[in-house]
Amino acid sequence: MSTDPIQSAALFERAQRVIPGGVNSPVRAFRAVGGTPRFISRAEGAYLYDADGRRYIDYIGSWGPMILGHGHPAVLEAVCRAAADGLSFGAPTEREVELAEEILKLVPSMEQVRLVSSGTEAAMSAIRLARGATGRPMLIKFEGCYHGHADALLVKAGSGLATFGNPTSAGVPPEVVQHTLVLEYNNVEQLEEAFALHGSDLACVMIEPIAGNMNFVRASLPFMRRLRELCTEHGALLVFDEVMTGFRVGLASAQGLYAAAIPGFRPDLSVFGKVIGGGMPLAAFGGPRAVMQHLAPVGAVYQAGTLSGNPVATACGLATLRELQKPGFFEELSRKTRLLVDGLAGAARDAGVPLAVDCEGGMFGFFLAESLPQNYATVMATDRERFNRFFHGMLERGVYLAPALYEAGFVSAAHSDADLAATVDAAREALRAG
Ligand SMILES: *Cc1c(COP(=O)(O)O)cnc(C)c1O
């Protein structure tokens with residue numbers, strides 16, 4: 001249908017000589033779907049432009065942060081002003097306090113917050129804090145959830161609940177993951193068993209409340225309710241990794257949704273990233289004062305960062321969070337996302353292709369399957385060949401979806417109804433073509 005992306009192909013060649021795999025983060029290389037990754041030269045509103053001058057409607061949004069769309073004027077102005085005042089001081093600034101206050105105002109489960117530079121760093125630090133605060137070594141994570149690439153989290157399930165996980169990356173010695181237990185998402189029975197066996201050694205359970213790293217899978221209410229009860233009963237901290245869902249599924253984040261459905265619900269610690277940086281390197285973790293006081297310099301749990309709370313990144317994050325709080329922001333964003341997924345479901349019906357969809361706020365998922373998966377194994381059993389054809393069919397038609405079937409999608413405030421309608425038309429064509 002379309003010609004090859006000549007400039008992107010040339011840049012990819014050049015990149016592979018000097019950067020492993022030609023990319024600075026693996027999923028960008030298109031390994032899951034094949035083909036040439038597009039090198040992006042600029043972005044504006046809902047669109048990406050590649051090195052060959054082609055325009056794409058962007059449903060990645062830098063993997064979540066660009067909730068306002070690219071180049072939002074208020075954000076750009078805040079960034080330029082902050083940059084003119086200095087790029088980094090290595091000393092505290094008023095804006096860090098402002099951003100912390102802003103985040104705490106929106107997340108009632110947290111009384112204090114520490115700013116860092118990446119989601120990986122925030123998740124890793126939250127685990128160290130949980131271990132330091134409880135004096136316990138073990139943690140539970142769930143298969144299909146991603147919490148960044150800290151050693152202790154690069155692990156898959158072992159052969160049973162009494163055994164610990166195996167590293168999923170070379171360079172992680174088995175001893176480093178020997179305290180990490182990996183369970184199936186949404187499996188209440190396994191959770192009960194794991195707590196019965198290890199409850200008194202558990203520092204924390206870390207979870208993506210809506211798992212965006214296996215496309216879009218919600219933790220069921222019974223599962224979340226039981227998880228909260230078990231953590232409380234056994235004195236383990238419940239850690240919500242909201243790096244993706246935070247200020248993306250709603251102003252109150254995913255924890256707000258669970259709190260609305262389960263009376264009195266709140267996580268013990270929360271991890272944020274992506275949207276709170278608005279596209280700059282910024283992330284955070286926080287919780288009750290009593291727990292956060294275990295952090296250096298007041299407490300014994302060490303954690304630090306040269307660029308933590310960077311003045312330009314905090315300006316970008318603050319400007320972004322302020323836009324999200326304008327009246328009706330999430331109502332309008334949710335309406336658009338719903339319009340998109342309903343459109344995709346309709347297009348699939350027209351083409352006679354099974355497609356299950358879900359969304360919340362500005363985040364969505366779609367599966368080439370009859371029904372919504374509840375765990376990682378079911379996600380990975382959806383039609384991969386068809387997904388890959390669909391991905392490329394959409395890319396050729398100017399729609400940039402995440403290049404792997406286990407990634408979530410994102411709609412921004414800059415997407416117009418016309419963009420969404422064009423996307424649905426492209427999907428109908430792509431699905432009909434096979
Ligand atoms: C992206 C992501 C991370 C890692 O954040 P980085 O900034 O890429 O290090 C952690 N947890 C979740 C849920 C994420 O989506």
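First listed ligand is number 1; within each ligand, the first listed atom is number 1.
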Worksheet item: Can you check whether a protein heavy atom sits less than 4.0 angstrom from atom 8 (O) of ligand 1?
Response: no
Discussion item. List ligand 1 atoms under 4.0 Å from Asp241, heavy atoms only on the residue side.
Written reply: 10 (C), 11 (N), 12 (C), 13 (C)
Worksheet item: Charged N to carboxylate O under 4.0 angstrom, Arg248 versus Glu360?
Response: no
Fill in: Proximal atoms of ligand 1 relative to Ser118 (non-hydrogen, under 4.0 Å)
7 (O), 9 (O)
Worksheet item: Hey, is Val271 touching ligand 1 through its side chain, its backbone, both or neither, going by heavy atoms under 4.0 Å?
Response: neither
Fill in: Close-contact set for ligand 1 against Met244 heavy atoms, below 4.0 Å
15 (O)
Worksheet item: Is Leu227 close to Leu191 at the side-chain level, that is, under 4.5 Å between some pair of heavy atoms?
Response: yes
Practice prompt. Working to the nearest 0.5 Å, report the span between CG of Leu318 and CD1 of Ile276.
Written response: 10.0 Å
Worksheet item: Which one of Glu407, Met124, Lys274 has a non-hydrogen atom at the shortest distance from atom 14 (C) of ligand 1?
Response: Lys274
Worksheet item: Does an N or O anywhere in Thr120 fall below 3.5 Å from an N or O of ligand 1?
Response: yes
Worksheet item: Got a salt bridge between Arg226 and Glu192, using NZ or NE/NH1/NH2 to carboxylate O under 4.0 Å?
Response: yes
Worksheet item: At a 4.0 Å threshold, what atoms of ligand 1 neighbour a non-hydrogen atom of Asn213?
Response: 12 (C), 13 (C), 14 (C), 15 (O)
Worksheet entry | Short N-O contact, Glu77 and Arg81, less than 4.0 angstrom | yes
Worksheet item: Any idea which protein heavy atom is nearest atom 3 (C) of ligand 1, and the distance to it?
Response: Val243 CG1, 3.7 Å
Worksheet item: Is Glu121 near ligand 1, meaning one of its heavy atoms is under 4.0 Å from it?
Response: no
Fill in: Student check: side-chain heavy atoms of Met124 and Leu153 closer than 4.5 Å
no
Discussion item. Let me confirm one number: the CG-OG1 distance from Leu344 to Thr423, rounded to the nearest 0.5 Å.
Written reply: 7.5 Å
Worksheet item: Gly119 heavy atoms, cut-off 4.0 Å: which ligand 1 atoms fall inside?
Response: 4 (C), 5 (O), 6 (P), 7 (O), 9 (O)
Discussion item. Please determine whether a side-chain nitrogen of the Lys or Arg among Arg228 and Asp268 lies less than 4.0 Å from a carboxylate oxygen of the Asp or Glu.
Written reply: yes
Discussion item. Please compare Gly277, Gly148, Ala408 and report which has the shortest non-hydrogen distance to atom 10 (C) of ligand 1.
Written reply: Gly148
Discussion item. Under 3.5 Å between any N/O of Glu208 and any N/O of ligand 1: does that happen in this structure?
Written reply: no
Worksheet item: Measuring from Leu269:CG to Leu237:CG, what's the distance to the nearest 0.5 Å?
Response: 5.5 Å
Discussion item. Among all the protein's non-hydrogen atoms, which is closest to atom 12 (C) of ligand 1, and how far away is it?
Written reply: Tyr146 O, 3.3 Å
